[in-house]
Each structure stands twice: as structure tokens, then as C-alpha cells.
Protein chains: 2
Amino acid sequence: MIPPYQRIVAEITRRITDGELNPGDRVPSARQVAKEWDVALATAAKALTALRQEGLVEAEPRVGTVVAAARSRPRAAAPERELTRDRVVRAAIDIADAEGLAALSMRGVAARLGVAAMSPYRHVASKGDLVLMMADAVFGGMTLPARPDHWRARVEVGVRALWALHREHPWLAQLGPLSRPLLVPNLLAYSEWVLDGLAGLGLDPRTTFDLNVLLYSHVLGLAVHLEREAHAEGATGLSTEQWMNGQARALDRLAPAHPTFARLLTSFAETGYDLDLDALFELGLRSVLDGIERRTS
Amino acid sequence: MIPPYQRIVAEITRRITDGELNPGDRVPSARQVAKEWDVALATAAKALTALRQEGLVEAEPRVGTVVAAARSRPRAAAPERELTRDRVVRAAIDIADAEGLAALSMRGVAARLGVAAMSPYRHVASKGDLVLMMADAVFGGMTLPARPDHWRARVEVGVRALWALHREHPWLAQLGPLSRPLLVPNLLAYSEWVLDGLAGLGLDPRTTFDLNVLLYSHVLGLAVHLEREAHAEGATGLSTEQWMNGQARALDRLAPAHPTFARLLTSFAETGYDLDLDALFELGLRSVLDGIERRTS
DNA sequence: ACCTGAACACCGTTCAAGT
DNA sequence: ACCTGAACACCGTTCAAGT
């Protein structure tokens, strides 16, 4: 008995080798696979993951899953290249960027690098260790411009850079408070920048630290939505809009008990409602900094 | 070859049956177990989990792990009580409250209820389904007082209740944006409350929805810290203070590159620094509401 | 029909066997 | 000595065998 996901893998492999699908072409999404083969979304996702690990397809961040270029296909090749900690960390970041932190496994990292399952363990102590190194690596790539003079401009620049980093790597929001920053040395550069800005206010050390945490939390709270937005569609197989349409009947039932919610929601019937997280980020940032300014003046 | 964690289980079981440890007494913490048996913290935690699943010990939320009362010990007993969806969901909430969402497993739920591993599946479709039901159950228990007249008081009361709920059930922060609230009907009651408050401002529907998301994110961003705080000690085996002391040398090395951070941190040398998340929550809430008020006046 | 044990395809990690 | 396959103790979930 061949498991269903292997039948899907075999068929998509055939389409690629037969030239029905060419490098760069989108392969069916998990949602489409689920429909076409009449399987659960989890099974469809598994099939796509298997194809990805074989190097036949690649997750193109803002496009979907596409057929890999022929020369990148034998990913298990190039075994002469030495396995380094850096390559392990970078492979893990690639996986987390494309598929989320939940899809990151030590075995998956090894497969992506074409090495034995245990080989990464020569370079990282554990999965938790690897995740800290991933965070350190992306914080190390954070770019902060020339230091503005005014405290508020300094803080804004720093927090915006943190938000931009979370946009690029939404899995950062799943790491938690990083309350022990010395384990992620490159996070210190960010903290130093913001604390330096806040220090311009001459508040007591405790309040200064607190405000740094509050601003970090503001980014975190909104960034949590980023990862879910990126993967929610795959999980339910529906876009927010489709889902809203489908729930219209349920909404009618709920309307009597939730009049304000229902009234507001119906006003989105034509235009739709999509969350502008960037605007919310700016609104929250401005509000908090205004609040600080009012407190100290 | 007996796995190390089983040796630990056997020894602690002996201490309980021999009366060295009595109901209500604290058993060694994961940290203490790790030290006493010279094993990794993961192994120690595993031993305690096994004892918990046997019903010999219980996680007492703000105390630690204690010996269970004799009569509650044969937890696998009382099999005559029918397994219901409600009991499955409640057992899962208990586990998540005591040990975090990461420690929640379908098999663990079944073991806690003394039923076969597959029995819970007769009442929930999947683990994801169970988690949604858990969220719905705790949102259903959320208490909102009489409706204040002023819009701002209404919003404050609602958001504070949401924060209180996250304090009680920190795993709520791991659920993500819950951007499809109809799947968690009881969350709608909260949204309705806050939207009703915000509607008092007469803003356009889009901004009203946005502000609801911003306030929700504010709670989420800070609540993320709650779960980690609760479990960070177990994971590293050190309190924040112990850890800070231990890192003093590392700090000295980093001080030249991070002068502001180092200067602020040394000022905590005697008093220590502990995050007052409740104060930060209030500060952020006030700032955001002030910002809204200023925008609309 | 209802319930559940066995099985499958995963995990992270340990450890000893291979080179 | 360095590397890695086999093994262990888990997962969530499917499915067929048991009652």
C-alpha cells in the first residue's frame, strides 16, 4: 500500500520529468493538491515538503512552490563543500523563512544540505541552540543608519528596523521575549541603539529598560500576525475573503448577539477588510512615543 | 538498560510510597532533579512529567510540583465517568496552564483522563481543533462587568479583562492572531465589547477594526513574555537574577561596544531588575487610548 | 455501532559502530 | 578521531480489528 502522499509525489515528479512543468513554473499549491487528489491539506503539504526535500521544487517566498532550476536540482550533490555551522544556520533560516518555524526540523535541515541526519549536530548542540543562532544571524544582518541626534528619531529608526526584520523573518515573533539578550549577542546592538535613544530622556534606568521592552512587545504583538497571515491560507485552504464569504450565514446567526461587530463587518461587504499591519505599527509607535513625551515634559 | 529518567521516577516513587514525601509536599523541581542525578534538564522534566501522568504528583500552578492527594492518585480510576468533549477540553486546559502549550499532546490528554490514546479523537477532530476549543472555553469564562457609559472606560475594561485572561492562561499568546474569530465564538463577545466601545468615537469602520486589532496585539505582545517567564526558569535552570550574576563576565566583555546597556544594567546590581508586565500593560494601554483621543478631537 | 490497539510516518537526541 | 546509521522514546493521526 503506497501512502497517498507518495502517489502525489510520484505524479508531480512525472509532470516535471515529462516537461509538463518546467523550471520556474508553479506546481499546484497545497490547497490545489488537496482538491485534485481529494486528500487532507496536511497530506498535500507533506507531498510538497517531500518534493522540496528532494530538491525538485522550491518555495519561492512571495510566489508559491515552483519547479527548481535544473542545476540546483541535485541538491544532495556538491558534497565536497564542507559542512560548517554557518551553512547549517543559513539552511535553517531559509526553511523558517519559507515555511515557518513549525516546519523547521533538524532532519529537514540535514536533508536540505544533503548530509546525514546527525551531521548538523557536530555544529549545533541542540535545536534550541540552532534557533538562537538563527536569531543571532538575522539580528546580525539588521541595518541601522547613521545615528540621528534627537532621541525620538533614534528610537523610531531602531524600532522600525526591528519591525522590518520581523517582516522579513516572521518566525522571530515565535522566539518569545528574548529576555536573556546575551544569548543572542547581535540583539544587543539593537537594544543598545534604542536604549541610547531613550537615555536621551534622562529617565531612571528602570523606566528606560521598561520602555525598551514595551516597544519590543509592540513589534512582537503585531509580528505574531505576520506568520499566521503567511501560513493561515495553507492551513485552512481559504483566503480571508473567501472565508468571510463562506461564513456569511454563521454571521447572520450571530448578528443579534453581536450587533456592533455585525454592523461593522457588513460595511466591508464590497471593499473587504485587509489588515494594514504597517499602518498599525506606525500608529502604535507614535502613540507610545507621544505618551512618553507627555510624561516627561 | 533502564533509561535515566525511569531511575528518577522509581526513586521519587519510592520516597512517596515510603512516606518520606507526603501529599502536598513539594517534590524536587526539574532543576533540583537535574543536579541531584546529574542529568540534563530535559531528562529531569521528563521524569516529572511521567510522575504527573501517573497521578503521583501534581503541578500546583504557583508552587511547583507536589505529591498528589492519596484519593486523587488513582487518576486512571473512575473510568465509569463518561468521556465527554468537555472533559477532554478541560484536561487539555489544565495541562496547558500548568506546563505550557508545548507540553500539550493528545496522548498526554488521554493519559491524564485515564483513557486510551485514541479516545479523545471521538470528541475532537484534531489537535488544532482541540486548541480552538480550549481558547473558546477560556474566552467563555471571561467576565465583563456592567457596561460603562464612556467609550474609553468601556474599552479599558475590555482590554484589561483580556490581559487578565492571558495572565491566567499564558498559552493564549501562542495561538496567534485569531484573525478568524468565528472559529472561537466566545472571542466574539470580547470583540463586540471593545468594538462597541470604540464605535462611540464615530470613526470609520476600518479604523475601528484596526484599533481593536492594535489593542489585541498590545496584550499579545506582552503576554508572549508571560509564558516564557513561567517556563524560562525550567528551561535554563536559572532565575533571571542568577543568570545575570553568572553573565557578569560576559557583560564586561560586551560593555565597550554597548555602553548604554552596560551602564543601565550595572545600576541594577543591587536592586535587580524585574519586569513589571502589568505596569507596562497599563502604560501601553493609556498611550494608545490617548493617541486615539488626540486624533479624534 | 462504538471503541481502541497496532501501525505509520514523523520528531529530537543518544550512542555505539563504522571509517 | 571524526562521522553517521541504528535505535530510543516520543509525536499526531489512520485504519482495521476488536467488542
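Only heavy atoms go into these numbers, but all of them, side chains included; no hydrogens, no water, no symmetry mates. Here is how names work: the chains are called A, B, and so on, in the same order as the sequence lines, proteins then strands, and each is numbered from 1.
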Handout entry: Donor-acceptor contact below 3.5 Å, side chain A:Arg167 vs main chain A:Ala223
Key = no

Problem - Strand partner of C:dA1, provided both Watson-Crick or wobble distances fall under 3.5 Å - result: D:dT19

Practice task
For A:Met118, report the nucleic acid contact type (base, sugar-phosphate, nothing); a contact means any heavy atom under 4.0 Å.
Solution key: base

Practice task
Starting at atom NZ of B:Lys127, determine the distance to atom C1' of D:dT13, rounded to an integer number of angstrom.
Solution key: 12 Å

Practice task
Could you tell me the separation between the CG atom of B:Leu113 and the C1' atom of C:dT4, rounded to a whole number of Å?
Solution key: 15 Å

Problem - A:Ser105 side chain, from C-beta outward: closest of C:dA7, C:dT4, C:dG12 - result: C:dG12

Completion exercise
Separation of C:dG5 atom P from B:Arg122 atom CZ, nearest Å, is 12 Å

Handout entry: Separation of atom CE in A:Met106 from atom P in D:dA9, rounded to whole Å
Key = 21 Å

Practice task
Can you tell me the distance, in whole Å, between the CG atom of B:Asp129 and the C1' atom of D:dG12?
Solution key: 14 Å

Fill in the blank from the handout: Rounded to whole Å, the CG-C1' distance (A:Leu104 to C:dG12) equals 12 Å

Completion exercise
Winner on side-chain proximity to A:Arg107, out of C:dT13, C:dG5, D:dC11, is C:dT13

Practice task
Measure the distance from OH on A:Tyr121 to C1' on C:dT13 and round it to the nearest whole Å.
Solution key: 5 Å

Exercise for the section: Rounded to the nearest angstrom, tell me the gap between atom CD in B:Glu82 and atom P in C:dC2. Expected result: 12 Å

Handout entry: Reported CD1-to-CG distance for the pair A:Ile93 and A:Leu101, which is rounded to 0.5 angstrom
Key = 11.0 Å

Practice task
Evaluate the side-chain proximity of A:Asp136 to A:Pro185: yes if any heavy-atom separation is below 4.5 Å, no if none is.
Solution key: yes

Problem - Under 3.5 Å side-chain donor-acceptor pair for A:His225 and B:Ser217 - result: yes

Practice task
Kindly assign one of parallel, tilted or perpendicular to the pair B:Phe139 and B:Tyr190, based on the angle between their ring planes and the thresholds 30° and 60°.
Solution key: tilted

Fill in the blank from the handout: Scanning all shown strands, the Watson-Crick or wobble mate of D:dT14 with both distances under 3.5 Å is C:dA6

Problem - Side-chain N or O of B:Ser119 closer than 4.0 Å to phosphate OP1/OP2 of C:dT4 - result: yes

